[in-house]
Amino acid sequence: MGRRVVLGLLGLGAAGVAGGHWLTTELGRLSAALSRHHLNSLSSFIPGAGWRYYTVTDGFPYRAPAVYRLTVTGNVGNELTLKTTDLARMPRTRLTADFQCVTGWRVSGVRWEGVRLGHLLDLAATDPGQQAVTFVSYDGTYTESLTMSQARRSDVLVVDTLDGRPIGREHGGPVRLLVAPMYGYKSCKWLSQIVVTDRLEPGYWEQQGYDQNAWVGRSNGRDDAPTT
Amino acid sequence: MTATGLPRFTRAERWVHRSTAGLVAVLTATGASLYVEQIALLVGRRPLVEAIHIAAGLALPLPMVIGLVVSPSLRADVRVLGRFGTVDWQWLRRRDRRRAQLPVGKFNGGQKLAASVMCGAGLVLLGTGLLLIAPLRVNLPVGLRQGATIVHDLFTFGLLALLGGHLWLALTHPEARTALRTGEVDRAYAEREHPGWAADVTAVPAKPPG
């Protein structure tokens, strides 16, 4: 009997691993449904659904909104240094999308608000013929990059608001990137520098083998449903 | 054996229990500071916490494996834990299990069930943990890492609930704690909770023939 219990649990575990994609999706759906009915406190008790917090450095870096600065530099005619209040005064864009991590978890219907990256590139008077944009995190380690045409998409934002609230430290606040149609690792947290370059430089995870063009469902060998 | 105590656990068994408990405590603390947002923010030092969690996880089966190799009494106890008899089923089914004066052996049905579940869940956590730390260049099928993540989470929640019960029973049964600390259990307690076993231990050995 003891052996049967042990083997049964091992079987259950193996089935869960094999059906993990389905299981994760269903739990995520349940959690999203609870959130929609303002049962956030309940939905947070569903394991495996919701945000997971990653950092590639020793801790979660933090800069208070008051001292935070975002620079736009590189091959531009007009270098920018922006405060959170500058971003707040710019033309704002709202966007609701699922957030999909390349490791499998997905958060449904996340509401973001911020400024289109393309708008910042216009303000900085990007030199003609530039191919790419690099993003640097103030954690001192993380970088990301997009091609110029990706960077100018309408669903690529520099965001400061998440689900109606200022973006917290664990989510990469006060300001982070959101590349809505791509896997989460493209959405650089704790964003501090936007650098316009003449050619594409692979970011932190790309150097470790992840896809540069990280379209959800069409890269990294995954087949998730599109997020936008 | 003394007038008031019966030998219940050998030194090796106590060592296995204590080392495994220590590793589980480390795994719980480090796991919580990787998983729970508020604790993660408080603790930080993620790579270090991760390394400790992985080391403790890899070490988790070692005390048990070493114990099984060196200790015949641990092997005997494991055999007893895995074997469910009529008394164990009665113990699990009957609501008056504590008053029914069942001839419970060294472990009751609940303890046997809990031991099997902990063993199975522990192995699942170890296996999914290994999948999770598999380096990127090992090209695992994409769904596998996702499956391992969710199973690791769900089994952790289940096992923590079970361990909560385990700790509650330990808190409410000081005699059981003493047995795991000193190796000897109070005779009256044993005769009440494990009468079948107490009778076996105290039985006068048969006189040699002739």
Side-chain angles (χ1 to χ4, degrees), chain A residues 1-28 44-62 100-106 139 141 168-171 205 208-210 219-224, chain B residues 34-38 40-49 78-85 88-89 92 109 112-128 131-132 135-137 139-159:
Chain A
M1 176 60 199
R3 188 166 299 160
R4 245 175 287 165
V5 171
V6 173
L7 290 176
L9 282 169
L10 287 176
L12 201 62
V17 170
H21 183 70
W22 175 85
L23 195 61
T24 311
T25 313
E26 290 306 312
L27 285 172
S44 64
F45 282 108
I46 296 179
W51 296 96
R52 280 156 204 266
Y53 305 98
Y54 297 128
T55 161
V56 298
T57 57
D58 238 8
F60 290 83
Y62 181 65
Q100 174 76 51
C101 177
V102 74
T103 60
W105 56 268
R106 184 180 182 114
D139 71 3
T141 304
R169 177 179 168 193
E170 70 279 18
H171 282 290
W205 286 116
Q208 308 200 26
Y210 285 92
S219 64
N220 295 294
R222 298 186 59 91
D223 62 351
D224 307 285
Chain B
L34 291 171
Y35 187 87
V36 184
E37 169 188 349
Q38 289 84 354
L41 285 172
L42 209 67
V43 176
R45 318 234 5 146
R46 206 173 170 86
L48 176 68
V49 175
V78 167
R79 269 195 298 277
V80 171
L81 281 169
R83 207 178 298 132
F84 282 66
D88 302 314
W89 287 115
L92 286 173
K112 290 182 178 183
L113 189 61
S116 303
V117 173
M118 282 184 200
C119 172
L123 287 173
V124 168
L125 286 174
L126 183 67
T128 49
L131 285 177
L132 287 172
L136 204 60
R137 57 180 178 279
N139 265 317
L140 290 177
V142 286
L144 222 57
R145 277 176 209 271
Q146 184 172 6
T149 309
I150 190 90
V151 170
H152 203 75
D153 289 0
L154 291 173
F155 270 78
T156 298
F157 283 99
L159 190 55

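First the proteins, then the strands, lettered A, B, ... as listed; each starts at 1.
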Minimum side-chain heavy-atom gap A/Leu12-B/Phe155 below 4.5 Å: yes

Nearest atoms (heavy-atom pairs only) where A/Gly2 meets B/Ser116: CA-OG, 3.2 Å

Closest contact, heavy atoms only, A/Gly13 versus B/Val124: CA-CG1, 4.0 Å

Contacting moiety of B/Leu131, where chain A heavy atoms sit under 4.5 Å: side chain

Reported OH-to-CZ distance for the pair A/Tyr54 and B/Arg46, which is rounded to 0.5 angstrom: 7.5 Å

Exercise: identify the closest heavy-atom pair between B/Cys119 and A/Val6: SG-CG2, 3.9 Å

Interatomic spacing from CZ in B/Phe84 to CZ in A/Arg3 - rounded to 0.5 Å: 12.5 Å

Pick from A/Val56, A/Thr57, A/Val17 with the largest number of heavy-atom pairs that fall under 4.5 Å of chain B: A/Val17

